[in-house]
Amino acid sequence: VQLQASGGGLVQAGGSLRLSCAASGRTFSRYTMAWFRQAPEKEREFVAVISLSASITRYADSVKGRFTISRDNAKNTVYLQMNNLKPEDTAVYYCAADSSGTAFYRATGLTTTYDYWGQGTQVTVSS
């Protein structure tokens, strides 16, 4: 599985961005998909996760109400809509895939739950 993240950029506080993550392969609908982020000198942290059929989503408290994760299984793509961005959202954003599809039975917020990672896309929010 290869994951290609895109959509990052520079935006002012209060602005919006939509990240995309395109996956290779024909079994995308079997993957639990997630977004993580990593700010300079900080550990990678969980942002959001979405179940196979998009029926279940979870968010970090810091982004709840501002970010929305979604997926289009026909396009093998997961999205992260980010609204009302804040300077503290500045980070490299990574998409991740759990190819077993069992993340919701384990720990969706841990990096070790996911076995495939994209290369990351930089999001910078200016104040």
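As the structure is a computational prediction, the values presented were derived from the model and not from experiment. All heavy atoms count here, side chains included; hydrogens, waters and symmetry mates do not. Just so you know, residue 1 is the first one in the sequence shown, and it goes up from there.
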(request) Test side chain to side chain contact (heavy atoms under 4.5 Å, CB included) on Gln12 and Ser127 and set out the steps. (result) CA-CA 6 Å; Gln12 289 188 332; Ser127 58; over 6 Å; no
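- Environment of CZ in Arg30: sparse, with no more than 12 heavy atoms of neighbouring residues, nucleotides or ligands closer than 6.0 Å.
- For the residue pair Arg37 / Thr90, no side-chain donor-acceptor distance below 3.5 Å is found, with atom types taken as modelled.
- Of the possible polar contacts, none joining the Gln38 side chain to the Ala91 backbone as a donor-acceptor pair under 3.5 Å is found.
- Closest non-hydrogen pair, Asn83 versus Ser16, comes out as OD1-OG, 2.9 Å.
- Contact detail for Thr77 and Ser20: the closest heavy-atom pair is CG2-CB, 4.3 Å.
- For the pair Arg18 and Tyr79, the cation sits on the ring face: its NZ or CZ lies under 6.0 Å from the ring centre, inside 45° of the axis.
- Cation-pi check for Arg66 over Tyr59 is not met; the charged atom does not lie both under 6.0 angstrom from the ring centroid and within 45 degrees of its normal.
- There is no side-chain donor-acceptor pair under 3.5 Å between Ser6 and Gln4.
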(message) Let's go through Leu52 and Tyr31 carefully: what are the C-alpha distance in whole Å and the side-chain angles of both, what is the deciding distance for side chain to side chain contact (heavy atoms under 4.5 Å, CB included) to 0.1 Å, and is it a yes or a no?
(response) CA-CA 6 Å; Leu52 279 61; Tyr31 306 155; over 6 Å; no
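- Heavy atoms of other residues, nucleotides or ligands lying less than 6.0 angstrom from NZ of Lys64 number more than 12.
- For Arg44 and Tyr94, the positive end sits near the middle of the six-membered ring, less than 6.0 Å away and at most 45° from its axis.
- The closest side-chain donor-acceptor pair between Ser99 and Asp115 falls under 3.5 angstrom.
- Counted by atom type alone, Thr113 and Asp98 present zero donor-acceptor pairs between their side chains at under 3.5 Å.
- Contact record, Phe104 with Val49: CZ-CG1, 3.8 Å, taken as the closest heavy-atom pair.
- Between Val123 and Met82 the shortest heavy-atom distance is CG2-CE, 3.8 Å.
- A continuous path of Ile, Leu, Val, Met, Phe, Trp and Tyr side chains, each step under 4.5 Å between heavy atoms, connects Leu19 with Val63, placing both in one hydrophobic cluster.
- When ring centroids are compared, Trp35 and Phe46 stay outside the 6.0 Å threshold.
- Residues Gln2 and Tyr116 form no side-chain contact, since every pair of their non-hydrogen atoms from C-beta on lies 4.5 Å or further apart.
- Under 4.0 Å is where a charged nitrogen must lie from a carboxylate oxygen, and between Lys86 and Asp89 no such pair does.
- Leu3 and Ile50 fall within a single hydrophobic cluster, where Ile, Leu, Val, Met, Phe, Trp and Tyr side chains are chained together by heavy-atom contacts under 4.5 Å.
- Residues Val78 and Ser70 share a closest heavy-atom pair of CG2-O, 3.1 Å.
- Ile69 and Val92 fall into different hydrophobic clusters, where Ile, Leu, Val, Met, Phe, Trp and Tyr side chains are chained together by heavy-atom contacts under 4.5 Å.
- Residues satisfying the side chain to side chain contact (heavy atoms under 4.5 Å, CB included) test with Ser55, not counting sequence neighbours, are Ser51, Ser53.
- You'll find the side chain of Phe28 reaches within 4.5 Å of the side chain of Met33, heavy atoms only.
- Using bins of under 30°, 30° to 60° and over 60° for the plane-to-plane angle, the ring pair Phe67/Tyr93 lands in the tilted bin.
- Rounding to the nearest 0.5 Å places CD1 of Ile56 at 9.0 Å from OG1 of Thr32.
- Considering every non-hydrogen atom in both Leu80 and Ala48, the closest pair reads CD1-CB, 4.3 Å.
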